[in-house]
Amino acid sequence: MSELNPNDRQLIATEYFDGALGPEELAWFEENGLASDPVVKETLEGARGLRELVRRGARPEPPAALAFYWERVRADVQGVGRAGARPMRASWRWATPVRVLATAAAVLVGIALVLPRGGSMMSTVERAESRQPGLYTSVVPARGASVVWITGLEYLPEGYVLR
Amino acid sequence: MRKCGTPAHGPQDLFSVKHLMSTSVKTAVDGDENPAERHRQWVTRAKTGEEEAFRMLFEEFFPKIYGMIFHMVGQVETAEDLAQSTMVQAWRRLNQFDGRSAFGTWLYRIGVNTALDHLRRRKNRPMESLEVAAEAGIEPAVNPEPPGGALDDRELGAAIDRALQKLTPEHRAVFVLGEIEEMAYEDIGRVLKVKRGTVMSRMHYARRHLQRLLRPFYERAQS
């Protein structure tokens, strides 16, 4: 035990704490009374305290229902199959600017609909549709406006235009 | 995992962890049949093109993969995207899964690598990294401090995630897989493709770093 430097003792204590010592290593650990070594004890107490704290912290849950993610995964796998198996990462890279532009366009359309036009005429959206798998559109009537809700813009193929 | 004479994971620990798990995870733990065998059957059926079988795998693993990736990247939207990407990759590459490891180990490998790739790209774009951190409410230079009053589990969870973001991605991955996902060193080594000794030293230094960062919370919890 005495030939072990403090850092080695801490590392062995870590393995002991994680239940990763083999039978021979464990026997050696116990025969040498390492459990009562001050450095080992301090390491074990620190690890135990941290574990209690971490397991007390709330476990993150996906914010939406599983069915929502399942539909997106399903649509992605099916959509890419038809588009010729585009690599995943490339498809995500362009998704952000397209999503930003499309969101901005949707907001502008909404504002244009809400703004008064010198008369009582108010444009309405009759329908919104998408033929692209994974991309869903819907029109939500609101007070004095129609909101076009678009979900799944990341599934738009490159170069696709929103009209 | 090798058995230890003085097990650190006692029955009480297991109970508390089960208690924190989501419903779908509970099903996997408490189910009558062997989960590994159930996964094997679902994989076999999914490989033949049965969508419902992959859906079962998805429902069981997506919350776990999301949780693990969230701890890795510290941002909800990114974690959602990367967890979805992981499941898409797994579905497409399912025929490459040869069953030599557990399906969960294979899936975690895809998920961890997806998260690490993302973190490497984020590191190469410092401006975006700062923006993302700001969006996520991560303040790089500020140590987490416990709020006044009783220690709330949600606030504690947020502080732990902020502290995790201060570790290197490699240390973070080992800590998340070992301490939060409760994987044995051997499994962590398989997921990250590193030696057992590397897992052990990364775990040790990750713990030391987190203990320093979370000391105020630890002291409060003790009191």
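Below, each value reflects all heavy atoms present in this structure, side chains not excepted, and no hydrogens, waters or symmetry copies. In what follows, chains carry the letters A, B, and so on, assigned in the order in which the sequence lines appear, proteins first and then strands, with residues in each chain numbered from 1. Computed from a predicted structure; not experimentally measured.
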TODO: Count the heavy atoms belonging to other residues, nucleotides or ligands that lie under 6.0 Å from CD of A:E42, then report whether that count exceeds 12.
DONE: no

Open item on the list: Could you check whether atom NZ of A:K41 has more than 12 heavy atoms from other residues, nucleotides or ligands sitting under 6.0 Å from it?
Closed with: no

Task: Under 4.5 Å from any heavy atom of chain A - which part of B:F54 - done: both

Contact check, side chains of [X] and [Y], non-hydrogen atoms, under 4.5 Å:
X     : Y      : result
B:M87 : A:W70  : no
B:F58 : A:L66  : yes
A:Q10 : B:R207 : no
B:E80 : A:P62  : no
A:V54 : B:H71  : no

Task: Minimum heavy-atom distance between A:G57 and B:I160, given as atom pair plus value - done: CA-CD1, 4.3 Å

Open item on the list: Using every non-hydrogen atom in the two residues, find where A:V77 and B:V88 come nearest and quote the distance to one decimal.
Closed with: CG2-CG1, 3.9 Å

Nearest 0.5 Å please: distance from the [atom1] atom of [X] over to the [atom2] atom of [Y].
X      : Y      : atom1 : atom2 : value
B:R215 : A:L50  : CZ    : CG    : 11.0 Å
A:T14  : B:Y185 : OG1   : OH    : 6.0 Å
B:H204 : A:T43  : NE2   : OG1   : 6.0 Å

- [ ] Measure from the side-chain N and O atoms of B:R196 to the backbone N and O of A:A20, and report whether any donor-acceptor pair falls under 3.5 Å.
- [x] yes

Open item on the list: For chain A, which candidate among B:R55, B:M203, B:M68 shows the most heavy-atom pairs at distances under 4.5 Å?
Closed with: B:R55

- [ ] Verify side chain to side chain contact (heavy atoms under 4.5 Å, CB included) between A:D76 and B:Q84, making sure each step is shown before the conclusion.
- [x] CA-CA 9 Å; A:D76 200 330; B:Q84 281 177 209; over 6 Å; no

